[in-house]
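In this chain, residues are counted from 1 in sequence order. Keep in mind that what you see is a predicted model, and the values were worked out from it rather than measured.
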Amino acid sequence: TLEHIDSVKAMSGYGHSGGSTQKKSMIGWNSMSGSPQQDIDPHLHLLRQRSRDLFMSSPLAASAINTKRTNIVGPGLQLKARLDHEYLGLSKEQASAIEKEIEREFSLFANTRNCDAMRLNNFYELQALACLAWFMNGEAIGLVKYREPTKWAPYGLRIHLVEADRISTPDNVPMQLASWVPQRINTVGKNKDNGNMIFNGVEVAEDGEVVAYWVCNQYPNGANLTGKKREWVRIEAYGEETGNPNVLHVMDPERGEQYRGVPFLAPVLEALKQITRYQEAELMAALVQALYTVFIEVEGDTSDQPFGEMFAPEDLIDDDVHSYELGPGAVNVLAKGEKAVFADPKRPASGFESFVLSMAKMIGAALEIPQEILLKSFTASYSASRAALLEMWKSIKTDRARFVADFCQPIYEIWLAEAVARGRINAPGFFNDPATKAAWCKAEWTGPTQGQIDPVKEVKAAQIRISNAFSTHEQETIALTGGNWDDNVAQLALERAALDRIHKKERGEDDAEQDSE
């Protein structure tokens with residue numbers, strides 16, 4: 001029968017396990033999932049608020065986000081121009097000279113606050129701020145702007161970092177509310193001029209291509225501090241003439257056709273909040289136990305006795321006569337018939353540390369940050385600690401590659417185009433062919449290196465890799481110190497020459513040479 005066939009299908013394959021609807025253990029598991037816009041967008045506002053709250057109040061949350069930021073960008077990813085000299089018909093020496101010129105010119109833009117539309121940060125500080133926003137809010141948004149160059153600021157390129165909240169669907173567009181969209185949250189709309197859908201501030205064409213971003217002039221859900229009318233500006237995602245991005249959008253999507261990023265802490269928000277509450281409760285219990293307060297019960301009228309006489313009036317937190325405050329060595333007077341009874345809290349609890357450590361392991365696993373690094377506590381063996389560093393560094397390299405691709409490299413390419421257009425960099429064929437432009441724009445970005453528990457072993461391993469041609473001096477220099485091998489060689493030559501002169505002078509060889517002359 002058809003019923004029998006349907007029953008057999010239901011119990012085949014995953015129907016025996018995760019897809020079962022007949023097992024008692026699975027019958028109560030009611031789960032639903034829709035499109036990324038249905039599952040993510042209506043909840044982003046609350047997820048961001050909770051993520052920020054934990055960053056400001058939870059030690060584990062702050063450690064997780066700061067650890068990512070510090071290891072990915074640290075003091076800032078440094079540019080290393082890498083021209084495709086073979087394609088451009090340049091010798092290695094010619095390319096090296098041009099690369100140094102480009103890096104020197106880029107420092108005029110990157111090392112000053114002129115690159116920031118707010119004029120608060122240089123390019124490397126902008127990196128740290130963007131990376132922090134990426135993990136806290138789920139995405140970092142940078143608007144590409146231009147200002148008129150000046151004598152001391154030869155470039156007009158400016159980057160304006162805005163919070164993710166300002167990218168939102170305007171409240172003056174036709175709404176496309178569905179049953180799954182909370183009425184208080186305006187996420188889905190339609191551009192009345194061209195019919196494009198707008199998902200949480202991101203306008204997409206009929207085929208799903210991102211074509212524009214809608215930026216509000218204030219925080220849509222915040223207080224209006226400027227007194228200006230709330231308005232939205234539509235910014236094309238890419239320049240029509242140049243093809244360069246007008247909006248830098250750094251995020252790590254979970255699903256296809258996802259247009260907004262999810263906060264880094266989203267999978268562990270509940271666990272982090274509960275642990276924070278537990279820590280606060282344990283701390284308060286331990287504090288109450290540590291406060292030694294004397295209570296005196298009198299038979300007569302207590303009005304003759306000053307309440308809380310051990311506390312100065314300005315030190316009292318509550319002026320209610322029925323309140324009794326605790327403090328080290330404090331004396332409180334109780335009315336007739338009142339008694340102070342203390343439970344023995346035995347704080348801190350004996351299982352407190354082991355429980356927090358267990359939760360840190362699970363939270364760290366979800367965030368790809370081993371417990372040792374999340375807690376900054378390396379008490380295990382050398383092998384275990386090194387394994388933790390190696391495991392985390394896999395995720396750091398992945399995140400850094402995405403950050404470079406979405407933030408650093410686009411800014412560098414836009415800047416280089418301006419430098420060539422203004423004649424400050426000579427790059428023949430830059431605007432004639434995309435392949436030629438790509439050859440000029442090739443670059444590497446170096447940043448903080450992986451931590452070393454035993455530097456001697458790390459250096460010996462690097463020497464072995466070089467001697468067997470598994471790696472190069474340049475690659476090992478970047479991995480070990482983040483430095484530049486070419487610059488190191490040149491600097492060492494100068495230092496050795498200087499040391500030779502000093503040694504000769506100490507041996508009196510210079511005087512002997514002068515006498516012979």
Any side-chain heavy atom of [X] within less than 4.5 Å of one from [Y]?
X      : Y      : answer
Leu248 : Asp406 : no
Leu283 : Glu280 : no
Asn196 : Glu209 : no
Leu143 : Tyr213 : no
Cys216 : Pro170 : no
Gln279 : Ile275 : yes
Leu126 : Cys115 : yes
Trp232 : Asp171 : yes

Might you confirm whether atom [atom1] of [X] has over 12 heavy atoms from other residues, nucleotides or ligands at distances under 6.0 Å?
X      : atom1 : result
Met26  : CE    : yes
Glu257 : CD    : no
Tyr238 : OH    : no
Lys361 : NZ    : no
Lys376 : NZ    : yes

[Y] versus [X], side-chain donor and acceptor atoms under 3.5 Å:
X      : Y      : result
Arg119 : Asn114 : yes
Thr112 : Asn122 : no
Trp445 : Gln409 : yes
Gln258 : Arg255 : no

Exercise for the section: Apply the test ring-ring contact (aromatic ring centres under 6.0 Å, His included) to residues Tyr259 and His249: give CA-CA distance (whole Å), side-chain angles for both, the deciding distance (0.1 Å), then the verdict. Expected result: CA-CA 10 Å; Tyr259 301 114; His249 192 180; 9.4 Å; no

Smallest separation among heavy atoms of [X] and [Y], with atom names:
X      : Y      : answer
Ala64  : Leu265 : CB-CD2, 4.3 Å
Pro410 : Pro245 : CB-CG, 4.2 Å
Ala271 : Met359 : CB-CE, 4.1 Å
Leu44  : Gly261 : CD2-O, 3.3 Å
Leu77  : Gly447 : CD2-CA, 3.6 Å
Asn30  : Ile27  : OD1-O, 3.8 Å

Ignoring hydrogens and angles, tell me if any N or O in the side chain of [X] forms a donor-acceptor pair with the backbone of [Y] under 3.5 Å.
X      : Y      : value
Asn71  : Ile396 : no
Ser395 : Met392 : yes
Asn244 : Gly239 : no
Thr169 : Asn200 : yes
Ser354 : Gly351 : yes
Asn246 : Glu236 : yes

Enter the distance from [X]:[atom1] to [Y]:[atom2] here, rounded to the nearest 0.5 Å.
X      : Y      : atom1 : atom2 : result
Thr187 : Arg260 : OG1   : CZ    : 10.5 Å
Met362 : Leu357 : CE    : CG    : 11.0 Å
Phe123 : Leu79  : CZ    : CG    : 8.5 Å
Ser20  : Tyr14  : OG    : OH    : 14.0 Å
Arg158 : Arg113 : CZ    : CZ    : 13.5 Å
Asp116 : Lys145 : CG    : NZ    : 10.0 Å

Problem - salt bridge (Lys or Arg N to Asp or Glu O under 4.0 Å) pairs, two or more places apart, involving residues 57-68 - result: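 Non-adjacent pairs meeting salt bridge (Lys or Arg N to Asp or Glu O under 4.0 Å): Lys68-Asp399.
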
Problem - Candidate list Gln475, Glu474, His473, test side chain to side chain donor-acceptor pair (under 3.5 Å), partner Ser471, passing option - result: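 Passing option: Gln475.
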
Handout entry: Salt bridge present between Glu444 and Lys442 (N-O < 4.0 angstrom)
Key =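 Here Glu444 does not pair with Lys442 in a salt bridge, since their nearest N and O are not under 4.0 Å apart.
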
Distance-only donor-acceptor pairs under 3.5 Å for side chains of residues 462-470, two or more places apart:
unit_1: Arg465; atom_1: NE; unit_2: Glu476; atom_2: OE2; d: 2.8
unit_1: Arg465; atom_1: NH2; unit_2: Glu476; atom_2: OE1; d: 3.0
unit_1: Ser467; atom_1: OG; unit_2: Gln463; atom_2: O; d: 3.2
unit_1: Ser467; atom_1: OG; unit_2: Ile464; atom_2: O; d: 2.8
unit_1: Asn468; atom_1: ND2; unit_2: Ile464; atom_2: O; d: 2.8

Problem - Identified salt bridge (charged side-chain N to carboxylate O under 4.0 Å, His left out) partner of Glu139 from the options Arg402, Arg166, Arg48 - result: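 Only one option passes, and that is Arg48.
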
Practice task
Let me know which of Phe264, Phe403, Trp134 forms a side-chain contact (heavy atoms from CB on, under 4.5 Å) with Asp252.
Solution key: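 Filter result, single survivor: Trp134.
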
Practice task
Apply side-chain contact (heavy atoms from CB on, under 4.5 Å) to the pair Asn191 and Arg234, showing each step before the final yes or no.
Solution key: CA-CA 10 Å; Asn191 187 337; Arg234 180 180 184 271; 3.5 Å; yes

Problem - Pair Arg230-Tyr219, side-chain contact (heavy atoms from CB on, under 4.5 Å): steps then yes or no - result: CA-CA 9 Å; Arg230 186 168 63 181; Tyr219 288 84; over 6 Å; no

Practice task
Just say parallel, tilted or perpendicular for the rings of Phe106 and Trp415, cut-offs at 30° and 60°.
Solution key: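 Judged by the thresholds at 30° and 60°, the geometry between Phe106 and Trp415 is perpendicular.
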
Could you give the side-chain donor-acceptor pairs of residues 51-61 under 3.5 Å, partners two or more places apart or in another chain?
unit_1: Ser51; atom_1: OG; unit_2: Met136; atom_2: O; d: 2.7
unit_1: Arg52; atom_1: NE; unit_2: Asn137; atom_2: OD1; d: 2.9
unit_1: Arg52; atom_1: NH1; unit_2: Asp165; atom_2: OD2; d: 3.4
unit_1: Arg52; atom_1: NH2; unit_2: Asn137; atom_2: OD1; d: 3.2
unit_1: Arg52; atom_1: NH2; unit_2: Glu163; atom_2: OE1; d: 3.3
unit_1: Arg52; atom_1: NH2; unit_2: Asp165; atom_2: OD1; d: 2.3
unit_1: Arg52; atom_1: NH2; unit_2: Asp165; atom_2: OD2; d: 3.4
unit_1: Ser57; atom_1: OG; unit_2: Asp53; atom_2: O; d: 2.7
unit_1: Ser58; atom_1: OG; unit_2: Ala61; atom_2: N; d: 3.3
unit_1: Ser58; atom_1: OG; unit_2: Thr276; atom_2: OG1; d: 3.3

Exercise for the section: Please test Glu203 against Trp214 for side chain to side chain donor-acceptor pair (under 3.5 Å), starting from the C-alpha separation and ending with a verdict. Expected result: CA-CA 7 Å; Glu203 181 180 331; Trp214 290 81; 3.0 Å; yes

Practice task
Go through the steps for Asn121 and Leu129 under the test side-chain contact (heavy atoms from CB on, under 4.5 Å), then give the verdict.
Solution key: CA-CA 9 Å; Asn121 304 286; Leu129 184 57; 4.2 Å; yes

